[in-house]
Structures are given as structure tokens and as C-alpha cells.
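One structure is given below, encoded as C-alpha cells.
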2 protein chains.
Amino acid sequence: MIIFIPPATSTPVNIMETKPDNMIRITTQRQIILEELAKVKTHPTASELYDMVRKRLPRIGLGTVYRNLELMAENGMILKLEVGGTQKRFDATTDTHYHIRCSGCGRVDDIDTPVMDDLVKEAAASSSYLVQGHHVEFTGVCPSCQEKNKDVTYQ
Amino acid sequence: MIIFIPPATSTPVNIMETKPDNMIRITTQRQIILEELAKVKTHPTASELYDMVRKRLPRIGLGTVYRNLELMAENGMILKLEVGGTQKRFDATTDTHYHIRCSGCGRVDDIDTPVMDDLVKEAAASSSYLVQGHHVEFTGVCPSCQEKNKDVTYQ
DNA sequence: CGGTATAAAAATAATCATTCCCAACATCTT
DNA sequence: AAGATGTTGGGAATGATTATTTTTATACCG
């Protein structure tokens, strides 16, 4: 069950956002994309999401999925994961948490290591960048890839 | 000045490496790609490196750059950074260290926050993955993008 | 040294993810 | 209802990367 933030009280906009904060309209497509994303605990790519959404909206275009994921990420409704691998992944949970990516199949899962908010302060002290955020990404072998490669010895 | 590991004593191979450890030949192209990568403290993309290398080897192909970066990364001679953004980046320094990526221009720099080796142990305890490694990626605004956007207020 | 096998390079085509563009349609504003 | 604006679908365009094919360079063996 998804609760939609009504346009009038829309969520805060990104840092570096130039245009005055625009509210985004909740179209059928947007609603269903968001619902499908929220349904899963994995972090689907745009085309995985496209396949999921198409079961309910067979005529939706892939471009629409991309466009709206981007838009919802900009508005802080979802999280765009810029992790390793070739494709971007999306996450309906927007509060800070870390991820682990399978080096075998590319799948991404949440990992519940405590978030280290101090890291940003530390980094700010030792860099000329204006530090905005951080992300920790673990790499490993997921259960199903371990199963597939029983013969291989990891160390 | 770059020291090349002679084929006979080549560097250790990756975990999950299937084929017996093959030595790689040091060709002119490889040598120059590696030299150019080691020259800079930034973390160039394949095509940035292509441009750098072309000044010394005008007839080199982009494919050669990609192929050799991949190969050298597999052999542990360099590091392939699978960070956010659209392109992969490469790093001549192979020991663990963290990075910061500019949200304006995509540039990636090293950041000298202490490496937290315990993180992997922690993650292993709270996950069904076989945890292999980790990476911390900060995001921020680099000095030159700060300069370009004096009018914007960051918070 | 010459001939053959093998590895790597160059050139080019193919693929994949993503973005862009545009005509048709929907929704807001007055 | 009319005009302005926003959104969609579909397809073309782009950009990064990978694969394929041909050519060139290096290694191996007598």
C-alpha cells in the first residue's frame, strides 16, 4: 500500500536544483511504476521494472519508465542507485542504507550495517570538495551464485 | 617512471579466475597506456585515456585501450572503478582507498579517509552473501564546479 | 636465419543502456 | 470551450562498451 504525497506538500527538492520546486502530477503510469518498485525488496533496473509494469500497463513505453524513474529520483520519492555494474538501479526506500552487489550476477541487496554519518564530516575535512553524501557498496557472491559454483573455492 | 613486472613473476590473479594464470606480454601499447594512467592522479575513463595515449601513439585503436585496461585490471596491475556515473574509470593505484565523485562534472578524486577493513567482517555477519570487499564513494561538488556555480547555494 | 604458430592490434560492426525527439493525447486554467 | 502546458508512446539517435574480422607483430622451432 503506497501513500502518495499530494502535490501541494511535495517532498523537498535536490540540492543544485535550479528551477523553482515543481510538483509532479500523479499519472497512472507514475503510480504503477512506483507501486511495482515498492513491491520488491530487490533493486530493479529500468528494464526489469519495465517488464513488471508492462504486466499491468501493456502499452507503456520504455522511455516513460526511464523518464519517470529519473523524475521521481530528482524529487526524492525514490533512490537512484549509481552503483557498479552496467545498469542503474532503483530503490523505493529513500533513507540512507548500504548495498551489496553480487560479482556473479550483478544483483543488488540491502545490507543492514549501521550508517556512518560522521564519514561525511571526516571527508569534508580532508578534501577541497563540498561533500554532500556517501555510499558504501560491498561486493560479494550471492547465495544463488554460491550454489551455482560449488566447485569454485573463494578466499 | 614505471616498473614492469616481468612475465615470469606476474602478479596474483583474481578470485574466481578460472583459466591457469597466464602471463601477459608487455607491448608498446600496454606500456604506454599504463604509463599515461600512472601519470595522472585523476581517474580517467577509457576514452580520456585514449586521447592521452593517442598523443604518443596516434594510430592506436579505442578497442585496444578498452581491451588492455580490462586485461590489466584482471591481472591486478590496475584498478577498475565501478563507481556511479555512466563510464568506468581506471586507477593505477591498486591498494584500497576511497573516492569522491563530483555531482556536477563526474570527475573522480581520491579521498584519504582511513580505510575501514572491519566493515567487511561486519557485513559478512549480517548477510547471506560471501562478502569479498567494499568501497566507499562520496559525492560532492569539486572546486572547479563550485567556482562555476558561485550563485547557487549549497546546503 | 626462415617458416610457421600464436598473440595482439587495428578497423569496423554489433550490442546494450539510455536519452532525445516528436506527434498525439490528456490535463489544467480561465 | 480554447489555449497553454504536461505527459505519453514509439522510434530514432547517442554514447559506451564489446565482439568480430583482418592485419601485423612477436615468439618458437628446426
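Naming convention: chains lettered A, B, ... in sequence-line order (proteins, then strands); numbering from 1 in each chain.
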ask   = Is the backbone N or O of A/Asp95 less than 3.5 Å from a side-chain atom of A/His97, with the two atoms forming a donor-acceptor pair by type?
value =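 Such a contact is found between A/His97 side chain and A/Asp95 backbone.
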Can you tell me the distance, in whole Å, between the [atom1] atom of [X] and the [atom2] atom of [N]?
| X | N | atom1 | atom2 | value |
| --- | --- | --- | --- | --- |
| B/Arg89 | D/dG15 | CZ | P | 16 Å |
| A/Ile26 | C/dT27 | CD1 | P | 14 Å |
| A/Gln29 | D/dG6 | CD | C1' | 12 Å |
| A/Leu71 | C/dT18 | CG | P | 17 Å |
| A/Ile33 | D/dT7 | CD1 | P | 12 Å |
| A/Glu48 | C/dC16 | CD | P | 15 Å |
| B/Leu49 | D/dA16 | CG | P | 14 Å |
| A/Asn75 | D/dT7 | CG | P | 10 Å |

Please tabulate, one pair per line, each protein N/O and nucleotide N/O from nucleotides 24-26 of chain D that are separated by under 3.5 Å, including the distance.
none

request  = Go through the structure and list residues passing salt bridge (charged side-chain N to carboxylate O under 4.0 Å, His left out) with A/Arg54, not counting sequence neighbours.
outcome  =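 Testing A/Arg54 for salt bridge (charged side-chain N to carboxylate O under 4.0 Å, His left out), a comparison that skips the adjacent residues, returns A/Asp51.
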Residues 117-126 of chain A, side-chain donor-acceptor partners within the protein, below 3.5 Å, at least two apart:
| from | atom 1 | to | atom 2 | distance (Å) |
| --- | --- | --- | --- | --- |
| A/Ser126 | OG | A/Ala123 | O | 3.4 |
| A/Ser126 | OG | B/Asp112 | OD1 | 3.3 |

ask   = Looking at residues at least two apart in the chain, or sitting in another chain, which of them share a side-chain contact (heavy atoms from CB on, under 4.5 Å) with A/Thr86?
value = B/Lys88
With B/Thr94 via side-chain contact (heavy atoms from CB on, under 4.5 Å) - residues at least two apart =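 Counting only residues at least two positions away or on another chain, B/Thr94 forms a side-chain contact (heavy atoms from CB on, under 4.5 Å) with B/Leu79.
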inquiry  = Need the bend value for the helix from C/dC1-D/dG30 to C/dT30-D/dA1: angle between end axes, 5 pairs each end, nearest 10°.
reply    =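 Result, rounded to 10 degrees: 20°.
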message = Please enumerate all residues that pass ring pair (Phe, Tyr, Trp, His ring centres under 6.0 Å) together with A/Tyr98, with sequence neighbours excluded.
response =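 Applying ring pair (Phe, Tyr, Trp, His ring centres under 6.0 Å) to A/Tyr98 gives A/His134.
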query = Can you list every pair that meets ring pair (Phe, Tyr, Trp, His ring centres under 6.0 Å) and has a residue in residues 43-63 of chain A, with sequence neighbours left out?
reply =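 Output for this query lists A/His43-A/His99.
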ask   = Should B/Val65 and B/Ile33 count as side-chain neighbours, where that means a heavy-atom distance under 4.5 Å?
value = yes
With sequence neighbours excluded, what pairs up with [X] under the side chain to side chain donor-acceptor pair (under 3.5 Å) test?
| X | value |
| --- | --- |
| A/Thr64 | A/Arg67 |
| A/Ser127 | none |
| A/Arg101 | A/Glu137 |

inquiry  = Quick check on contacts: within residues 52-70 of chain B, what sits under 4.0 Å from DNA chain D by heavy-atom distance?
reply    = B/Leu62, B/Tyr66
ask   = C/dA17, C/dA9, D/dA16: which one has an atom nearest the side-chain heavy atoms of B/Arg30?
value =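 Between C/dA17, C/dA9, D/dA16, the one nearest the side chain of B/Arg30 would be C/dA9.
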